[in-house]
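Data block below; observations after.
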Amino acid sequence: MLANLASRLVARTARRAATFSTSSIASSDKLFVHRNTPENNTDVPFKFTPENLKRAEEIIAKYPPQYKKGAIMPLLDLGQRQHGFTSISVMNEVARLLESPPMRVYEVATFYTMFNRDPIGKHFIQVCTTTPCELCGASTIVKTIEQHLGIKLGQTTNDKLFTLVEVECAGACVNAPDLTPESTKKILDTIKAGGVPKAGPQSARKGCEPHGGATTLLEEPTGPGVWPPGCLAIIA
């Protein structure tokens, strides 16, 4: 009996193992671990300009002394605007000003994608690949840009003109169906030629109206006290 039970358990385990599967790991284009480079290391000095230092002091003054570490994000943003990207030296200077352990600043800078940990090109291309955009062909747009510019996600063109990254939601889900490979290449070529591409939707849409035209509010709206046709008002 024991032998028979053991054989059944082995068979059941084998069946379960046969149904177990895994999928490939999707890695980000960025690994937020600092690696020294010629342009990003602790030997590259950074100090706020007198104007920005005054602005930093004004920001810090908005917080109670015991909570001034709350100014980490605005100071990092100020440092990135001055330096061009959020280098290790920018983060260390912010930590010094706020009398905060540098690790607290590193944690913020590596969590938010708004802080660029490496130098970027003149034109910063950010492509959203989350669900609404992916369903409308975001991966195709990424491949189009990569092939047209000769770079991969996270890379910058040799002329320092374009940097391409993947982001989590750009807050324009309603416009997700708008870009096509053709319109994408047209935008890039316009920028390369020194021009300014059309702002907003690249199709015939205006603003965030539905793709294909309006489907609601097609008639003149009625005013207060006017009942739509077919409605029966019962007033007690």
Side-chain angles (χ1 to χ4, degrees), residues 23-34 40 72-74 76-81 83-87 90-91 106-216:
S23 59
S24 59
I25 298 176
S27 58
S28 170
D29 61 282
K30 288 291 182 182
L31 178 63
F32 289 112
V33 177
H34 179 74
N40 189 6
I72 288 177
M73 286 189 68
L76 283 175
D77 178 67
L78 187 64
Q80 176 167 278
R81 291 175 186 272
H83 190 61
F85 69 103
T86 304
S87 68
V90 169
M91 292 188 285
Y106 302 162
E107 290 169 344
V108 175
T110 56
F111 181 81
Y112 293 98
T113 56
M114 64 182 282
F115 298 118
N116 304 313
R117 292 287 294 109
D118 296 303
I120 61 173
K122 181 179 180 180
H123 302 285
F124 194 29
I125 305 173
Q126 303 176 65
V127 183
C128 170
T129 57
T130 41
T131 306
C133 294
E134 184 60 36
L135 290 174
C136 295
S139 292
T140 300
I141 300 302
V142 170
K143 291 179 180 177
T144 298
I145 298 172
E146 289 180 334
Q147 293 172 359
H148 200 62
L149 298 180
I151 58 176
K152 296 292 184 181
L153 283 172
Q155 296 181 347
T156 300
T157 55
N158 292 332
D159 57 8
K160 309 299 181 184
L161 194 59
F162 296 99
T163 295
L164 173 64
V165 297
E166 180 182 33
V167 296
E168 297 288 328
C169 191
C173 306
V174 69
N175 287 323
D178 191 65
L179 282 178
T180 63
E182 292 71 26
S183 62
T184 300
K185 288 185 283 189
K186 183 179 179 181
I187 291 173
L188 297 175
D189 290 340
T190 299
I191 295 174
K192 275 185 177 182
V196 179
K198 170 191 171 186
Q202 300 301 302
S203 62
R205 290 195 298 168
K206 296 179 180 179
C208 296
E209 66 184 8
H211 196 64
T215 57
T216 59

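Only heavy atoms go into these numbers, but all of them, side chains included; no hydrogens, no water, no symmetry mates.
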List for me each residue that meets side-chain contact (heavy atoms from CB on, under 4.5 Å) alongside Gln80, sequence neighbours excluded, and say none if there are none.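 Gln80 satisfies side-chain contact (heavy atoms from CB on, under 4.5 Å) with Thr86, Phe115, Asn116 only.
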I'd like to know if the side chain of [X] and the backbone of [Y] have a donor-acceptor N/O pair within less than 3.5 Å.
X      : Y      : value
Glu168 : Thr130 : no
Asn40  : Arg117 : yes
Thr110 : Tyr106 : yes

Locate the shortest heavy-atom distance separating [X] from [Y]; write the atom from each residue and the value.
X      : Y      : value
Cys133 : Cys128 : CB-O, 3.4 Å
Ile141 : Thr180 : CD1-C, 3.7 Å
Gly84  : Ile120 : O-CG1, 4.3 Å
Cys173 : Cys169 : SG-SG, 4.1 Å

Distance (rounded to the nearest 0.5 Å) between [X] [atom1] and [Y] [atom2]:
X      : Y      : atom1 : atom2 : result
Leu179 : Thr144 : CG    : OG1   : 9.5 Å
Leu188 : Thr157 : CG    : OG1   : 10.5 Å
Thr129 : Glu166 : OG1   : CD    : 3.0 Å
Thr156 : Asp118 : OG1   : CG    : 8.0 Å
Lys160 : His123 : NZ    : NE2   : 14.5 Å
Gln126 : Leu164 : CD    : CG    : 10.0 Å

Side chain to side chain donor-acceptor pair (under 3.5 Å) contacts touching residues 185-203 (sequence neighbours left out):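 Checked against side chain to side chain donor-acceptor pair (under 3.5 Å) - neighbours excluded - the pairs reaching residues 185-203 are His148-Asp189, Asp178-Ser203.
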Does a sphere of radius 6.0 Å around CG in Asn158 hold more than 12 heavy atoms from other residues, nucleotides or ligands, not counting ones at 6.0 Å or beyond?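 No, CG of Asn158 has 12 or fewer neighbouring heavy atoms, counting only those of other groups under 6.0 Å.
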Intermediate values then yes/no, side chain to side chain contact (heavy atoms under 4.5 Å, CB included), Phe162 and Ile191: CA-CA 10 Å; Phe162 296 99; Ile191 295 174; 3.7 Å; yes
Side chains of Val165 and Phe124: closer than 4.5 Å at any heavy-atom pair?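 The answer is yes; the side chains approach within 4.5 Å.
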